[in-house]
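Below you'll find the structure, written out as structure tokens, and then a few comments.
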Protein chains: 2
Amino acid sequence: MKGRDVILGILQNKPRTGYEINEILQNQISYFYDGTYGMIYPTLKKLEREGKVKKETIIQDDKPNKNIFSITDEGKEELNEYLNSEDISEVFKSDFLMKLFFGDNLSKKQVVKLINKEIETKENQIQSLESSLKKWQLQGISDLQKITVGYGLAQYKAVVNYLKVQLKALED
Amino acid sequence: MKGRDVILGILQNKPRTGYEINEILQNQISYFYDGTYGMIYPTLKKLEREGKVKKETIIQDDKPNKNIFSITDEGKEELNEYLNSEDISEVFKSDFLMKLFFGDNLSKKQVVKLINKEIETKENQIQSLESSLKKWQLQGISDLQKITVGYGLAQYKAVVNYLKVQLKALED
DNA sequence: CCGCCCATGTAAATGGTTACATGATTCA
DNA sequence: TGAATCATGTAACCATTTACATGGGCGG
């Protein structure tokens, strides 16, 4: 999955600014994709050149001007092509696992610290996902989207439980 | 985490060829990193230029010649720097979640198919991880490495369980 | 005789990161 | 007064992917 697919997906619902797209990336779908401004604006530009999205500029006196992007028919076509494609590959890269795996010369203390940090990180992610979920439920979220959030939570929680058990085992 | 870190980590144990590094990537640590020849050979070349690894060529008559790479002191230094660095960021990108999240116009049948495919994929990953684990336990695997494998399994299994529950709910 | 295992690499393109650059408004 | 929110973008660099290119040995 590429940045362009995600952006087209977001614009499918309604037109957005680059800023708003970033908000959604950071707050709503960060558990299965992450992207930054450095990707968003160049990609929007490219999509516009290709006729997949169109831009409307709103002059604002109080705030900086807005560029609102909406998806075109060609854009919808590309999105549907992606949505109907067969492959569901995934990428998972974990510095935590890497450090444990190759950390032969880490002291027990360092290992415990590392695991605790991972637990803390995951617990934060769980908290923010859960509080977001509550917010979205008020505003309406589709059943499918609920399933994806649940997936994220299930994954995070399983890891936290597992690591807590391992920590205890290490301390004995 | 970058390819170079992983390669240095692998060479820490013992010298290896590019081919062997690829085997380890595909079979032993694919649940937290993935890399291909297109990354391995260029990275080895760069590491060699930087003095982080050194190459020894073994002439073989029956098979193609081997280039065996071993880690140098400078290489170990870089690896330890990485291992002792603070951040444990992770990357997770999932086409499956993306397709569900944006798949408003998918039919129920398509959704069921999609979920089943994800379950199948994960079950295969669980199987291969479990059979690998058995193999490694005969040859010796560190406690920390066991923890990482367990982490991968816990994560995969949680997702499979979750998706099976959701499937049932969908079918009612 | 076919396919898998062993074994090495390059070149071009892509996609994305990082760092930089700017600036008004609002709230505590 | 300083941080957060809203708002946009570029340029250089980087790491990796994809596609290509080669070839002998071995087992069934």
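We name chains A, B, ... by the order of the sequence lines, and we start the count at 1 in each one.
By the salt bridge (Lys or Arg N to Asp or Glu O under 4.0 Å) test, E171(A) is found to be paired with no residue, residues two or more places apart in sequence or in another chain being considered. For K2(B), the side chain to side chain contact (heavy atoms under 4.5 Å, CB included) criterion is met by R4(B), D5(B), not counting sequence neighbours.
The nearest whole Å value for the distance from the CG atom in N67(B) to the C1' atom in dA7(C) is 9 Å. Here the C1' atom of nucleotide dA7(C) and the CG atom of L44(B) are 13 Å apart, to the nearest Å. Between the CD1 atom of I59(A) and the P atom of dC6(D) there is a distance of 20 Å, given to the nearest Å. Residue M1(A) contributes atom CE, which lies 14 Å from atom P of dG15(C) at whole-angstrom precision. Put simply, CD on E56(A) is 13 Å from P on dT8(D), counting in whole angstrom units.
Between F102(A) and Y82(B), the ring center distance fails the sub-6.0 Å criterion. Close placement of the F32(B) and F101(A) rings is indicated, their centers lying within 6.0 Å of each other.
A salt bridge between E56(B) and K66(B) is absent, with no side-chain N of the basic residue lying under 4.0 Å from a carboxylate O of the acidic one.
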Could you please spell out the steps behind the salt bridge (charged side-chain N to carboxylate O under 4.0 Å, His left out) verdict for K164(A) and E123(A)?
CA-CA 12 Å; K164(A) 283 184 174 170; E123(A) 279 180 339; 2.9 Å; yes
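Counting Ile, Leu, Val, Met, Phe, Trp and Tyr side chains that sit under 4.5 Å apart, directly or through other members, I68(B) shares a hydrophobic cluster with I58(B).
Distances shown here put every side-chain N or O of K46(B) at or beyond 4.0 Å from the OP1 or OP2 atom of dC14(D). Y41(A) has no side-chain polar atom (N or O) that falls below the 4.0 Å cut-off from OP1 or OP2 of dG16(C). Between Q60(B) and dA7(C) there is a side-chain polar atom (N or O) within less than 4.0 angstrom of OP1 or OP2. Of the side-chain N and O atoms in K45(A), one or more sit less than 4.0 angstrom from OP1 or OP2 of dT10(D).
Residues of residues 9-31 of chain A having a heavy atom closer than 4.0 Å to DNA chain C: none are found.
Under the 3.5 Å distance criterion, with hydrogens and angles disregarded, a donor-acceptor pair is assigned to the side chains of T148(B) and Y31(B). Residues S85(A) and K99(B) have side chains that bring a donor and an acceptor to within less than 3.5 angstrom of each other. A donor-acceptor contact closer than 3.5 angstrom links the side chains of S89(A) and D95(B).
Comparing the local axis fitted to the first five base pairs of the helix from dC1(C)-dG28(D) to dA28(C)-dT1(D) with the one fitted to its last five gives a bend of 60°, rounded to 10°.
In terms of heavy atoms, L79(A) sits closest to L8(A) at CD2-O, 3.8 Å.
Using a 4.0 Å heavy-atom criterion, one finds that F69(A) contacts no nucleic acid atom at all.
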Quick one: which protein N/O atoms are closer than 3.5 Å to N/O atoms of nucleotides 17-25 of chain C? Pair and distance per line, please.
none

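Side-chain atoms of K66(B) lie closest to dT8(C) of the nucleotides dA7(D), dG16(C), dT8(C).
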